[in-house]
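Structure first, commentary second.
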There are 2 protein chains.
Amino acid sequence: MTDTRAYHHGDLRRALLAAALEAVEEVGPAALSLRDLARRAGVSHAAPAHHFGDKAGLLTALAAQGFDLLAQTLTEADDDLLEAGVAYVDFAVTRRAYFEVMFRPELYRADDAELIAARGRAGTALRSGVAALSGGGAPADTDRDSLAAWSIAHGFATLWLAGALPDRVGDNPREAARAVLRRLST
Amino acid sequence: MTDTRAYHHGDLRRALLAAALEAVEEVGPAALSLRDLARRAGVSHAAPAHHFGDKAGLLTALAAQGFDLLAQTLTEADDDLLEAGVAYVDFAVTRRAYFEVMFRPELYRADDAELIAARGRAGTALRSGVAALSGGGAPADTDRDSLAAWSIAHGFATLWLAGALPDRVGDNPREAARAVLRRLST
DNA sequence: AGCGCAATCTTGTCACTGACAAGTTTTACG
DNA sequence: CGTAAAACTTGTCAGTGACAAGATTGCGCT
């Protein structure tokens, strides 16, 4: 593990993604620097290009990974729509770097096959929670319900991350999200 | 008007902001280049710095202008909460460049006095619409109601801009937003 | 075992960018 | 009319992404 002199890093791709997560959390996805990632991983400035092609390639990999994690998170809370919404907000806050990349398609290759597949899985998980709750309603209603649920959760998460919410909301995202998301069902 | 040789541009600050709006719509706020703006305005590469200090200064001015426009838009639709929500989404879509800068505080100076004032005006306009509708409810309810209304409108707008919504939603943002926002009140 | 080849990584370079410094031209004001 | 400030230019520097070419390493094949 300590042979930092090895010519081959061994697990550079993974190391770069991990470094990217850190860097995105520190400076945001746009200000990400491939050369900085290379420095963090202890390799030359051109090494990242070999694994990801370019910056967009790296962010595409990050986004795809993020959609998979989100799909997994949503599936776990699938039986309770309110808790699924809370989980969505929680994902955005605790895995901020993923979330911020995922919804900035101008930074990555939105036509990447793996990415599209992962995004599809997340979308399915999202819709299935709403379908389970609304029971035997018409499909058109499920469409609109899931869109509304997604919108309110996504909006709250985005506003939270942007620091746009007033101070009185507090500093507990799960709690605050629950209070707001409840307004949808009543 | 055709004396393009004049040493003094005459209205460079305004011209740069207009060029910035165009550029942001084309490449996004992060990929904005001050040197490109200078070229669009026909001035030297260092001219923008004189008016805005740096890139963050320019985006701060854009964001403040955006919050003022949003406040104005919301005030005009103040009597109908649903229409105010639709107006919010419409603002995001038709004045995309403003909207995208406004909610990316890491790109500008969030402690700027003018910006804070403009953001405050927008927030007041937003809350007053909800307060008018909910009538004599408790203030705490108004807080949560306005947060919920803001979240769902903001979420839908953000997802629309990110191209994350499924195709079946259609291509008319106002119509689609109305259908989704209605779910909040029922 | 060892040979060759592909994968991995490095060094070098180029155009572009933001920021800063110093100089030049114009306007405004007393 | 003259001088100081405002508006803009030229020049420069370090950092960045992308690309090209070369060095090193590991792996499959015989």
Side-chain angles (χ1 to χ4, degrees), chain A residues 1-24 26-63 101 104-109 112, chain B residues 1-24 26-63 101 104-109 112:
Chain A
M1 270 298 191
T2 50
D3 60 12
T4 55
R5 304 275 222 95
Y7 191 92
H8 279 199
H9 182 284
D11 204 11
L12 182 56
R13 191 189 154 93
R14 204 175 296 271
L16 286 172
L17 285 174
L21 269 186
E22 272 186 39
V24 168
E26 289 168 19
V27 299
L32 188 74
S33 155
L34 289 182
R35 290 171 108 104
D36 179 50
L37 296 187
R39 280 189 293 267
R40 290 181 193 232
V43 293
S44 80
H45 67 262
H50 182 72
H51 291 278
F52 299 103
D54 55 5
K55 201 170 171 175
L58 190 148
L59 291 176
T60 303
L62 254 193
V101 173
R104 232 161 239 152
E106 78 273 15
L107 296 180
Y108 58 79
R109 269 183 272 285
D112 179 80
Chain B
M1 271 299 189
T2 51
D3 59 13
T4 55
R5 304 275 222 95
Y7 190 92
H8 279 199
H9 182 284
D11 204 10
L12 182 57
R13 191 189 154 91
R14 203 175 298 270
L16 286 173
L17 284 174
L21 269 186
E22 270 186 40
V24 168
E26 290 168 17
V27 297
L32 188 74
S33 154
L34 289 181
R35 289 170 109 105
D36 178 52
L37 297 187
R39 279 189 293 267
R40 291 181 194 232
V43 293
S44 80
H45 68 262
H50 183 72
H51 290 279
F52 299 103
D54 56 4
K55 201 170 172 176
L58 190 147
L59 291 176
T60 303
L62 254 194
V101 173
R104 258 192 211 27
E106 77 274 14
L107 296 180
Y108 58 78
R109 267 183 273 285
D112 179 81

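None of these values were measured; they are calculated from a predicted model. By convention in this document, chain letters (A, B, ...) are assigned in the order of the sequence lines, proteins followed by strands, and residues within each chain are numbered from 1.
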Can I get a per-line list of side-chain donor-acceptor pairs under 3.5 Å for residues 55-63 of chain B, giving both atom names and the distance, sequence neighbours left out?
| residue | atom | partner | partner atom | Å |
| --- | --- | --- | --- | --- |
| B/Lys55 | NZ | B/Leu32 | O | 2.7 |
| B/Thr60 | OG1 | B/Ala56 | O | 2.6 |
| B/Thr60 | OG1 | B/Arg109 | N | 2.9 |

Tell me, please, which residues at least two apart from [X] pass side-chain contact (heavy atoms from CB on, under 4.5 Å).
X       : answer
B/His45 : B/Arg35
B/Ala47 : B/Leu12, B/Val43, B/Ser44
A/Ala19 : A/Leu37, A/Arg40
A/Ala30 : B/Ala30

Q) Under a 4.5 Å cut-off applied to non-hydrogen side-chain atoms, are A/Leu16 and A/Arg13 in contact? A) no

How long is the line joining [atom1] of [X] and [atom2] of [N], in whole Å?
X       : N      : atom1 : atom2 : value
B/His51 : C/dG18 : NE2   : P     : 17 Å
B/Phe52 : C/dC20 : CZ    : P     : 17 Å
A/Leu59 : D/dG17 : CG    : C1'   : 13 Å
A/Leu37 : D/dG15 : CG    : C1'   : 14 Å

Q: Among D/dT9, C/dA7, D/dA20, find the nucleotide with the atom closest to the side chain of A/His50.
A: C/dA7

(Q) Over all strands shown, is B/Gly57 touching base, sugar-phosphate only, or nothing at heavy-atom distances under 4.0 angstrom? (A) nothing

Q. Looking for any heavy atom pair under 4.0 Å, which part of the strands does A/His45 touch: base, sugar-phosphate only, or nothing?
A. base

**Q.** Nucleic acid contacts - residues 11-22 of chain B versus DNA chain D, non-hydrogen atoms under 4.0 Å
**A.** B/Leu12

Q.
Could you measure the distance from the CD atom of A/Glu26 to the CG atom of A/Leu21? Nearest 0.5 Å is fine.
A. 11.0 Å

Q. Rounded to the nearest 0.5 Å, how far apart are CD of A/Glu22 and CG of A/Leu17?
A. 12.5 Å

Q. For DNA chain D, whose closest nucleotide is more 5', that of B/Ser44 or that of A/Ala49?
A. B/Ser44

Q.
How close do B/Pro29 and B/Leu107 get, counting heavy atoms only, and between which atoms?
A. CB-CD1, 3.8 Å

Look for any protein N or O under 3.5 Å of an N or O in nucleotides 14-17 of chain C and output each such pair with its distance, or none.
| residue | atom | partner | partner atom | Å |
| --- | --- | --- | --- | --- |
| C/dT17 | OP2 | B/Arg39 | NH2 | 3.2 |

